[in-house]
2 protein chains.
Amino acid sequence: MEITWQPNPQSPIPLYQQISTYCRQQIQQGNWLVGEKLPAQRQLAQQFGVNRSTIVTALNDLQADGVLISAHGNGTRVASNTWSLALDWHHYLDGQFNANLPTIQTINRLENENYLRLSTGELAPELFPQKLVQAKLRAITPQVTQLNYLEPLGALNLRQALVKRLQHWQIDVQPENILITSGSLQALELISVALLKPGATIYTEAATYLNSLQVFQSAAATLTGIPQDDAGLCYWQLPASTTTQQLLYTIPSFQNPTGSVMTQQRRHDLLQFAEKHQLPIIEDTAYQDLWLETPPPLPLKALDRAGNVLYLGTISKVLAPGLRLGWIVGPTAVIRRLSDVKMQTDYGASSLAQQLLAALLADSAYDDYLTELRQQLRQRRDAALASLKDYLADVATWQVPRGGFYIWLKLKPTINMEQLFQAALKRHILFNPGSIYGADHALRLSFAYASPAAFRRGIAELAELIKRA
Amino acid sequence: MEITWQPNPQSPIPLYQQISTYCRQQIQQGNWLVGEKLPAQRQLAQQFGVNRSTIVTALNDLQADGVLISAHGNGTRVASNTWSLALDWHHYLDGQFNANLPTIQTINRLENENYLRLSTGELAPELFPQKLVQAKLRAITPQVTQLNYLEPLGALNLRQALVKRLQHWQIDVQPENILITSGSLQALELISVALLKPGATIYTEAATYLNSLQVFQSAAATLTGIPQDDAGLCYWQLPASTTTQQLLYTIPSFQNPTGSVMTQQRRHDLLQFAEKHQLPIIEDTAYQDLWLETPPPLPLKALDRAGNVLYLGTISKVLAPGLRLGWIVGPTAVIRRLSDVKMQTDYGASSLAQQLLAALLADSAYDDYLTELRQQLRQRRDAALASLKDYLADVATWQVPRGGFYIWLKLKPTINMEQLFQAALKRHILFNPGSIYGADHALRLSFAYASPAAFRRGIAELAELIKRA
Ligand SMILES: Cc1ncc(COP(=O)(O)O)c(C=O)c1O
Ligand SMILES: Cc1ncc(COP(=O)(O)O)c(C=O)c1O
């Protein structure tokens, strides 16, 4: 229940009465649902900008009229609204798509408030190449002579720029093999509804980004984690093929959340296995360009001779998630099907964003930016590792990430992660507990977002909380 | 099967061999699926830029190797590819989301080629306010200091600008009542997966935009058309309420495809009915701002006292579909649920587009543009009506639209629409047959896209085709 409205102290109507009228309206219009809990009186006083006594008067008034009910020790709630006409939306709030995990809902909500964000999967605003992007925006502005719907696969010049950049990774495709999406998340959503029937199985690394989403689960697919060893996913542990649809989802380079990298040999072996067993692979390369010392092995798609691989790329981690642009690369027959569904769900991605990205990717200044970015991230990683060593060496272990954003911190099993998460929240510190990704006793840290100093401060506090627990 | 590649005449490898190698690769990589039909030889010769005899040699070669098979009179097809490793994607091409209607697939494909577009639901590029948009782009460029993920509901300044503009329509809401979407189409998609369980019923005007989509059908909902009279939807013909979920979808102002407007009295009566029967309403206002003489009656949302109405707005028809921005206005509890699902399917709409639109909507120059646009559309409508009168008065009837883009042409029932559509295609003319929207013997015309001269030419040709049929 967010409240941004405040009563008018200049009005002749008493403040408490303005507030009770406002509350009635909220319920009447269906903004507040039956059974919903109101914030505590202290918080209400703050939000409405009035004294607590005014709140008490207003609430008493509403309770007397049967609009609110107070359950002792359990706060004040909206009463069953037989007195009002309001439509009961309760029957419409749990459609087919699953609700987000509660922890992620909390994180989403608090990320825009003043929290120290130790896990955020974004580049810090100060790493954004303002000059480069602004120059490109100025350069494309005269070309913005219309902004109509685009062709189903996305802007041709953007797909052409991607064809060139994919060649650097030895992926040889045509513009018809590429569908532009609103980020890689939408690529996953499209795959789930366009390619899958209920009952499909998605194999993943045991701890994976996919566990933090409900995309596949909402399409009645099942996620099944497969163990990893030092070389990557242990594909030979995949269950014998069944008659239902199955897909493998993997993040071979700088995995989210573990930071791991699949070796070149394992990539070859996995592909051979996939060819033999007619297993489609979704290869998510979100962090691939963000190597810190040396480039990772070639992507699976570069080794793919039989069209097994759907390759997902995104500009979110490398430059700007706010552009909402990603791409799926695959056999044209699959791309056509995915694009048909995309056209039916949002008519394509923003053409303005596509024009800007096409211009950026075609410019070698973008490569200079990447080089500079890698250097910055390397420094941040090293600073983060130093902070961990200083504060957490005796209670946790971690691997040195060779790219991407994340450090995967494994804690001693005696620590209750849910309590740690709540205790950190109280100190205005946010982190992503491993449970989101399907792993207990671990947590994901990101050195990309918080400044090295803030990160250090957060780790110091976390260490204190851990040692108390 | 799109072919953009051409053989290299400079190469020592014979052209026919280059072509057969290319075809093998396409099949091997899964771009061409088993059973897919190749274009005719003449067309292949054109696409590959070679003589027809070269094509014949290449195809013979591929048939001899069992890669292609030719069925007499039924063209050449990709043979069952036991010779190749290619993954058989066939099992993955009919997931839960329905394929687009074949007619719409054809229209989507051909719209980007050189066709005269008599029905397109977009403003003509020459109506785009280049100067205004470019000036605003320049104005926001210095503020593009980062492009990170946004808050779940969308940019606050855009929602604030919308709150103000909604007030002009006497809709009084807070920013928390608004969710920014990637166009109104996505709003419909979100409603279908976030609010509905399988088996829901959506009532609509009998001929409706919704029939041209598969959004609700793919979520296992049923569309049921309700007749209209001169005043709008005959709500009293809605079946008695059932236990399943039900929703009413309506486009009260300048409906797509019929152009009709629901009267003020009908709006009041409909809302009263909805309140009484606890019936949620989706009000699609895509064309509401595009009145040509006088504004339409107040939107249902302005009359909504009990939170029954989810109001959909979009910038697509008024300014720029390529921005991909729309908004849902409704009770906060519903907005929160929709935004939770949006966050899980694409993490929000493009922030660059949102910044641009926020700046545009906050400027009175946008209102001047709207005034000018209405005048331009009025002229186009009048020219279109004159063309219809000159060429089609004896075979068709129509109403004068008071806003929006469309003229709904009712033809004599003896005309076969499918044949007419195909005959028009042959002359490189595209129109939307009424069947897409659930009505035979009618077709949708748009005066917004084709220039008045091109429209006149197209109508003259259409008249000729109709008279022949
Ligand atoms: C592995 C991986 N894939 C995909 C995404 C989705 O990013 P976007 O939708 O912004 O492209 C993320 C974001 O966290 C990610 O970590
Ligand atoms: C009535 C109506 N609603 C919604 C839309 C979807 O437009 P968009 O997704 O571009 O906002 C259209 C487009 O044709 C329409 O005619």
Side-chain angles (χ1 to χ4, degrees), chain A residues 2 4 29-31 33 85-87 89 92-93 95-97 99-100 108 112 122 125 128 130 134 137 141 144-149 151-152 176 182-183 185-186 189 193-196 214 275 278 306-308 320-324 331-334 337 340-341 344-347 350-353, chain B residues 2 29-31 33 85-87 89 92-93 95-97 99-100 108 112 122 125 128 130 134 137 141 144-149 151-152 174 176 182-183 185-186 189 193-196 214 275 278 306-308 320-324 331-334 337 340-341 344-347 350-353:
Chain A
E2 285 156 272
T4 51
Q29 294 167 359
N31 285 336
L33 295 185
L85 286 165
L87 175 69
W89 280 98
Y92 296 88
L93 296 183
Q96 303 170 48
F97 207 100
N100 227 325
N108 283 345
N112 295 298
E122 294 173 64
F128 184 73
Q130 285 191 30
Q134 292 179 2
L137 252 181
T141 295
V144 179
T145 56
Q146 57 139 306
L147 288 170
N148 272 353
Y149 292 111
E151 54 235 288
E176 306 90 81
S182 302
L185 178 52
Q186 191 190 42
E189 165 66 8
V193 301
L195 305 188
L196 301 185
Q214 295 292 317
E275 282 174 14
Q278 290 267 322
N308 281 62
L323 287 178
R324 303 314 303 126
T332 51
V334 183
R337 165 71 178 148
D340 183 54
V341 174
Q344 294 189 79
T345 51
D346 72 1
Y347 289 132
S350 162
S351 63
L352 183 63
Chain B
E2 285 156 89
Q29 294 168 0
N31 285 336
L33 296 185
L85 287 167
L87 175 69
W89 280 98
Y92 295 88
L93 296 184
Q96 302 168 47
F97 207 101
N100 226 325
N108 282 346
N112 296 298
E122 294 173 65
F128 184 72
Q130 285 191 28
Q134 292 179 1
L137 252 180
T141 295
V144 179
T145 56
Q146 56 138 306
L147 288 169
N148 272 353
Y149 293 110
E151 54 235 290
Q174 303 295 317
E176 306 91 81
S182 301
L185 178 52
Q186 191 191 42
E189 165 66 7
V193 301
L195 305 188
L196 301 186
Q214 295 292 316
E275 282 174 14
Q278 291 268 321
N308 280 62
L323 286 178
R324 304 311 305 126
T332 51
V334 183
R337 165 71 179 148
D340 183 54
V341 174
Q344 295 188 77
T345 51
D346 72 1
Y347 287 132
S350 162
S351 63
L352 183 62

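In what follows, chains carry the letters A, B, and so on, assigned in the order in which the sequence lines appear, proteins first and then strands, with residues in each chain numbered from 1. The model shown is predicted, which means the values in this text are computed figures rather than measured ones.
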Trainee: Show the nearest heavy-atom pair for residues B:Leu93 and A:Val334, with the distance to one decimal.
Mentor: CD2-CA, 4.0 Å
Trainee: Would you mind checking which part of B:Gln174 comes under 4.5 Å of any heavy atom in chain A, side chain (CB onward), backbone (N, CA, C, O), both or neither?
Mentor: side chain
Trainee: If you count heavy-atom pairs under 4.5 Å between each of A:Asn100, A:Leu323, A:Leu33 and chain B, which one has the most?
Mentor: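 Looking at each option in turn, the highest pair count goes to A:Asn100.
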Trainee: Tell me which one of B:Val193, B:Leu195, B:Asp346 satisfies side-chain contact (heavy atoms from CB on, under 4.5 Å) with B:Val341.
Mentor: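 For B:Val341, the side-chain contact (heavy atoms from CB on, under 4.5 Å) test succeeds with only one of B:Val193, B:Leu195, B:Asp346, which is B:Val193.
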Trainee: Side chain from CB out, backbone as N, CA, C, O: work out which of these in B:Ala194 comes under 4.5 Å of a heavy atom of chain A, or both, or neither.
Mentor: backbone
Trainee: Checking heavy atoms, do the side chain of B:Gln134, its backbone, both or neither come under 4.5 Å from chain A?
Mentor: both
Trainee: Picking from B:Pro321, B:Ser351, B:Gly307, B:Ala333, which has the most non-hydrogen pairs under 4.5 angstrom with chain A?
Mentor: B:Pro321
Trainee: Side chain, backbone, both or neither: which part of B:Glu189 has a heavy atom under 4.5 Å from chain A?
Mentor: side chain
Trainee: Select, from A:Asn31, A:Asn108, A:Thr332, the one with the greatest count of heavy-atom pairs under 4.5 Å involving chain B.
Mentor: A:Asn31
Trainee: Please state whether the side chain, the backbone, both or neither of A:Ala99 comes within less than 4.5 Å of a heavy atom of chain B.
Mentor: both
Trainee: Can you tell me which portion of A:Glu176 sits under 4.5 Å from chain B's heavy atoms? Options are side chain, backbone, both or neither.
Mentor: side chain
Trainee: Tell me, for A:Gln146 versus chain B, whether the close heavy atoms (under 4.5 Å) come from the side chain, the backbone, both or neither.
Mentor: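 Looking at A:Gln146, backbone and side chain both touch chain B.
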Trainee: Over all heavy atoms of both residues, which pair between B:Thr145 and A:Gln130 is shortest? Give the atoms and the distance, please.
Mentor: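 Between these two residues, the closest heavy atoms are CB-NE2, 3.5 Å.
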Trainee: Do B:Phe128 and A:Leu147 touch side chain to side chain, with heavy atoms closer than 4.5 Å?
Mentor: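 Yes, close enough: below the 4.5 Å cut-off.
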Trainee: Report yes if the side chains of B:Gln186 and A:Tyr347 come closer than 4.5 Å at any heavy-atom pair, otherwise no.
Mentor: no
Trainee: Under the salt bridge (Lys or Arg N to Asp or Glu O under 4.0 Å) test, which residues partner A:Glu122, sequence neighbours left out?
Mentor: A:Arg117
Trainee: Only pairs of heavy atoms separated by less than 4.5 Å count here; which of A:Asn148, A:Thr141, A:Leu352 has the most with chain B?
Mentor: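 Answer, by heavy-atom pair count under 4.5 Å with chain B: A:Asn148.
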Trainee: What closest approach, in Å, do B:Trp89 and A:Pro331 show between heavy atoms, and which atom pair accounts for it?
Mentor: NE1-CG, 3.5 Å
Trainee: How close do B:Phe97 and A:Arg337 get, counting heavy atoms only, and between which atoms?
Mentor: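 Scanning both residues, the minimum pair turns out to be O-NH2, 2.5 Å.
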